[in-house]
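Each chain gets a letter, A, B and so on, in the order its sequence line appears, and its residues count up from 1.
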Amino acid sequence: MMRNGELHSGAPGGPIETKWERHKGSLRLVSPANRRKFDVIVVGTGLAGASAASALGELGYNVLNLCIQDSPRRAHSVAAQGGINAAKNYRNDGDSVFRLFYDTIKGGDFRAREENVYRLAELSLKIIDHCAAQGIPFAREYGGHLANRSFGGVQVSRTFYARGQTGQQLLLGAYGSLMRQVDAGQVRILPRREMLDLVVVDGRARGIVCRNLVTGAIESYAGHAVVLCTGGYSTVYFLSTNAVNSNATAIWRCYKRGAFFANPSFTQIHPTCIPVVGSQQSKLTLMSESLRNDGRVWVPKQPGDRRPPNEIPESERDYFLERMYPAFGNLVPRDVASRAAKAVCDEGRGVGPTGLAVYLDFRDAIERLGVDVVRERYGNLFQMYKEITNEDPYQVPMRIYPAPHYTMGGLWVDYNLMSTIPGLFVLGEANFSDHGANRLGASALMQGLADGYFIIPYTLAHYLAGNTLGNVTTEHPAFREAELQVRQQVERLLSIRGKKTVRELHWQLGRLLWDRVGMTRNAQGLREAIEKVRELRQEFWENVNVPGSGDDLNKCLEMAGRLADYFELGELMCRDALEREESCGCHFREEYRTPEGDPKRDDERYAYVAAWEYTGEGAEPRLHREPLRFEVVQPSARSYR
Amino acid sequence: MNGENGTRSYTLRIWRQDGPDRPGRFVEYPVSGIDPNMSFLEMLDQLNEELLRHGERAIEFDSDCREGICGTCGVCIDGRPHGPVPNTTTCTLRMREFPDGATITVEPFRAKAFPVVKDLVVDRSAFDRIVQKGGFVSVNVGSAPEANTVLVPKDVAEEAMDSAACIGCGACVAACPNASAALFVGAKIRHLRLMPHGQPERRRRVLSMVAQMDEEGFGNCSNHGECEAACPKSISIENIATMRREYWLALLGLL
């Protein structure tokens, strides 16, 4: 993977259309009779984890699958609303594998690998076939064919959906397949387990150490390979759209064992979330991007205008997305919409009690389409909004504000989805692979399932067949060493007995990162943030209070361990954002912008993936670069004006 | 409203239990400063913050997505799974539904097949074991035909989706006087019975899922209808009727 001091994906050369086919043809195989001799550990049961574990089980491998939830069906993929992209071109509107590839490369602001994105677009076709065959009740046309809708940043209708619960239905499909393999004895499932360390023997990933969250027992599992599918880390910001239990601990501990961490600061801030209401709020609720198909985003023209929205006349409203981006209007990509909303709020034109919100108004849509059509399209979202805010969006405009949502950054992987630690594969949101500096809507589900169903079965076989992997059991000293470290950390957290709660400290860290490495960043702010994160981290280790014991269910202890890692990750996010002296996608450095205020990319200097290597406690991480080469699509200014 | 800025106060009676084999008891906790727009779980978060600040152990409860889709959360509030508001999970229930000064009783979902893990946390892995016995279509990756070669009428897909919307929270079991899992199992049976892809395994599926449901110690359905009333996703008891019909057809060799 390293060549002349540079990282490389290991994808084959030649025409992009045939890369994956040719690559598959060159990969080694494990014969059916030999597969049962291999033990594979899959961590996580979201779309990536459940699809990988079930697909590997179907092939005949011995799979051990762990999850943090009480049931694999609850992984956070379940919460995805809008849909999943596939280049089926069922609408005859000009879609193709190439166009999906092109939209995704451009959407990611030319900071993703061409070969990965092309493969993703190619596999999107098979994903829909497989999910339909699982009996997933996708939306249908009257003739019984699959229906589609459109999403931001593209000009075709390629999004497949099941009401506003697409993630749930796809996950339950994968979960069903997983349960089938459990019954067949191919997969063993261990819920309520948290991975706390990776075990590396002779330079290869050979097992994990985890904590049984019910009994507190530290458990070790050995295998021939580890497949990590543990999702994203936007809860580093405390308030995000992610689930309470989403965290970075598994990938972070792998980073500390030698896996490179790529583009850690690339975080998607989703524009249509319900604004914060109180100080005790635990998470933010996302409203599907599809609302921007008919809703119009606006703020008052005058700063400080506190009149109720319906009393503000048309001439005194600023439909700022339509004004700034006439070509795409309200359907600009997420990063663009989020920054614009922040900018108008910073000018004092934000609305609602906190001034940190903009209106998303359906008045015109209701006039144009009638209330029934609007209800049919968005009824469940309107109801959700009303449940939370006690306001009726049919009568008054919704208030929305951006919130941390998805992390494009993650562990670095090659074309085979293997990290820099041989035998450690990383799938789905936990890796950095396919979305570049910004992810388009309805692409995350696609990536998780492509990785799990259609890529790992091939690339894992190649690894297992191509290496002589000796017998390693949990008796190996490397397991003892890792277990000891895990135990020591648990004991240390329980012994501090300070004055601050985990939640208070997490809130402080989140607030800091949101301000300094959120929607916009600048060098001075980032330098200060690094210092402040370190101070907070020190305060945490001196003054946190984690009552109770490590011998039973103790969620406060779990959260403390995750927060400890977030202090370290938060610092790396700041470093990564500081190092990248350009603006691209979600990464908006205030110093690097065009005269119109658009992000100014620097392809000369920064057309690379930044992959960070851990070099020890307190030491500066080492930066490695994977140059990005664009042979098919020439990078251009990403304009949506 | 008596507090500052319209905040409210309550007396909570919460079930505390150290472990599956330990005795449990109700403990009273006064809470104040509750914003009516807070969710029920955020109110519990606030109480836990107070407890932790005093070095006491937090009240353990399960939750994850906090937007009503993952099915992780769920407690009985004043005797009703997920509380007094229809079609709502505990995490999306708001405190404005509770009058200022009320005493609120909070306990875990109660059922023999859902043993208490700790405090308000229960073990619902019985549901996973039921799904293992056939709650799926047996299709291996790679063997699916082009998606549009199997047509599904729009109304059939919509009906199947009504059943597939189940979040597996277990409120139906907790609400049932017999602790029956019939609504949960019926929803999966009906979803796959409606979809053409589910036809080949109809017989096997209903027989083995029902057998596993009995094995897990869930009671029988006796048509109380409490499950439907408690279901946060409005899953209809029609699903139970479908399951019964399928079961008899399977037994009589008519499937």
Side-chain angles (χ1 to χ4, degrees), chain A residues 55 58 69-74 76 78-79 90 128-130 132-135 137-146 162-163 165 168-169 172 175-177 179-180 182-183 189 191 214 243-245 277-278 280-283 285 387 390 453-454 457 497 501 503 545 547-548 552-553 555-556, chain B residues 19 35 37-38 41-42 45-46 49 52-53 55-58 60 62-67 69-72 88 92 94 96 117-118 121 123-125 127-128 131-133 135-141 144-148 150-154 157 160-161 164-165 167-168 191-192 195 197-198:
Chain A
E58 286 164 16
Q69 295 84 1
D70 71 318
S71 162
R73 66 179 290 149
R74 310 201 196 282
H76 192 51
V78 81
Y90 284 161
I128 292 304
D129 295 342
H130 184 64
Q134 286 175 326
F138 283 114
R140 299 273 168 168
E141 307 287 356
Y142 280 106
H145 300 88
L146 287 151
R163 295 191 190 152
Q165 290 133 271
Q168 181 204 22
Q169 293 307 311
L172 293 182
Y175 161 77
S177 295
M179 290 298 101
R180 174 175 164 240
V182 171
D183 193 50
I189 188 98
V214 175
V244 175
N245 290 303
V277 282
Q280 282 302 315
Q281 195 159 344
S282 53
K283 73 155 299 193
T285 301
E387 270 172 20
N390 214 13
Y453 283 139
F454 295 106
R497 300 277 171 189
T501 64
R503 193 185 166 96
N545 190 2
D552 65 349
L553 185 68
K555 290 195 186 184
C556 180
Chain B
D35 180 335
N37 285 320
M38 232 182 223
L41 296 184
E42 284 163 0
D45 286 340
Q46 183 170 321
E49 279 294 284
L52 292 166
R53 229 173 261 133
E56 291 174 46
R57 293 205 65 162
E60 300 293 352
D62 265 333
S63 80
D64 205 23
C65 77
R66 300 230 173 169
E67 53 186 75
I69 192 70
C70 71
T72 308
T88 304
T92 55
R94 302 279 145 182
R96 57 176 172 263
V117 173
K118 192 177 175 186
V121 176
D123 177 356
R124 289 166 292 190
S125 54
F127 273 9
D128 291 329
V131 175
Q132 283 160 24
K133 293 298 169 188
F136 46 75
V137 171
S138 297
V139 53
N140 281 4
V141 177
E146 207 290 325
N148 265 342
V150 181
L151 301 182
V152 184
K154 185 182 166 81
M161 184 62 204
I167 57 173
H191 156 212
L192 293 174
M195 297 298 285
H197 315 82

Query - Heavy-atom donor-acceptor pair, A/K283 side chain to B/C65 backbone, under 3.5 Å - result: yes
Query - Top of B/V139, B/N148, B/T92 for chain A proximity - count of heavy-atom pairs under 4.5 angstrom - result: B/N148
Report summary line: chain A shares the most heavy-atom pairs under 4.5 Å, among B/V117, B/D35, B/V131, B/T88, with B/V131
Requested in this report: Count the heavy-atom pairs under 4.5 Å between each of A/Q165, A/R497, A/Q281, A/R163 and chain B, then report the option with the highest count.
Outcome: A/R163
Query - Short side-chain to backbone donor-acceptor contact, A/Q169 and B/A164, under 3.5 Å - result: yes
Report task. Output the option from A/H145, A/H76, A/R180, A/E141 having the highest count of non-hydrogen pairs under 4.5 Å with chain B. Result -> A/R180
Report summary line: Most heavy-atom pairs under 4.5 Å with chain B, out of A/Q134, A/M179, A/Q69, belong to A/M179
Query - Non-hydrogen atoms of A/A55 and B/V141 that approach each other most closely - result: CB-CG2, 3.9 Å
**Report entry** No-hydrogen, no-angle side-chain donor-acceptor test under 3.5 Å, B/E49 and A/T501
**Finding:** yes
Requested in this report: Measure the spacing between CZ of B/R53 and CG of A/N545 and express it to the nearest 0.5 Å.
Outcome: 10.5 Å
Query raised in the report: Under a 4.5 Å heavy-atom cut-off, does chain A meet the side chain of B/M38, its backbone, both or neither?
Result: side chain
**Report entry** Presence of salt bridge, A/R73 and B/D128, under 4.0 angstrom
**Finding:** no
Query raised in the report: What residue, out of A/L172, A/I128, A/D552, A/I189, has the most heavy-atom pairs lying under 4.5 Å from chain B?
Result: A/D552
Query raised in the report: Hey, which of B/M161, B/M195, B/Q46 has the most heavy atom pairs under 4.5 Å with chain A?
Result: B/M161
Report summary line: In short, A/N245 meets B/S63 closest at the heavy-atom pair ND2-O, 3.2 Å
**Report entry** Derivation of the side-chain contact (heavy atoms from CB on, under 4.5 Å) call for A/K555 and B/D62
**Finding:** CA-CA 9 Å; A/K555 290 195 186 184; B/D62 265 333; 2.5 Å; yes
Query raised in the report: How long is the span from the CZ atom in A/R74 to the CG atom in B/D64, to the nearest 0.5 Å?
Result: 9.5 Å
Query raised in the report: Excluding sequence neighbours, so at least two apart, what forms side-chain contact (heavy atoms from CB on, under 4.5 Å) with B/A157?
Result: A/R140, B/V152
Requested in this report: Under 4.5 Å heavy-atom distance to chain A, tell me which part of B/T72 shows up: side chain, backbone, both or neither.
Outcome: both
**Report entry** B/R94 side, atom CZ; A/E387 side, atom CD - distance, nearest 0.5 Å
**Finding:** 8.0 Å
Query raised in the report: Are any side-chain N or O atoms of A/Q168 and backbone N or O atoms of B/A165, one a donor and one an acceptor, separated by less than 3.5 Å?
Result: yes
Report task. Taking all non-hydrogen atoms of both residues into account, name the closest pair between B/K133 and A/D183 and its distance. Result -> NZ-OD1, 2.8 Å
Query raised in the report: Based on non-hydrogen pairs under 4.5 Å, which of A/P457, A/P72, A/A243 is most in contact with chain B?
Result: A/A243
Report task. Please state whether the side chain, the backbone, both or neither of B/L41 comes within less than 4.5 Å of a heavy atom of chain A. Result -> neither
Query raised in the report: What is the distance from atom CG of B/L52 to atom CZ of A/R503, rounded to the nearest 0.5 Å?
Result: 10.0 Å
Report summary line: With sequence neighbours left out, the residues meeting ring-ring contact (aromatic ring centres under 6.0 Å, His included) with A/Y453 are A/H130
**Report entry** Donor-acceptor contact below 3.5 Å, side chain B/D123 vs main chain A/D70
**Finding:** no
Report task. May I ask you to test the B/H191-A/P137 pair for a side-chain heavy-atom distance under 4.5 Å? Result -> yes
Report summary line: Given A/T285, A/V214, A/L146, the one with more heavy-atom pairs under 4.5 angstrom with chain B than any other is A/L146
Requested in this report: For residues A/Y175 and B/F127, report the shortest heavy-atom separation together with the two atoms involved.
Outcome: OH-O, 4.3 Å
Query - A/D129 versus B/A147, closest heavy-atom pair with distance - result: OD1-N, 2.8 Å
Report summary line: Nearest heavy-atom contact between A/L553 and B/K118 is O-NZ, 2.9 Å
Query raised in the report: If you tally heavy-atom pairs under 4.5 Å against chain A, which of B/S138, B/G135, B/A58 wins?
Result: B/S138
Query raised in the report: Where does B/E60 contact chain A at under 4.5 Å (heavy atoms): side chain, backbone, both or neither?
Result: side chain
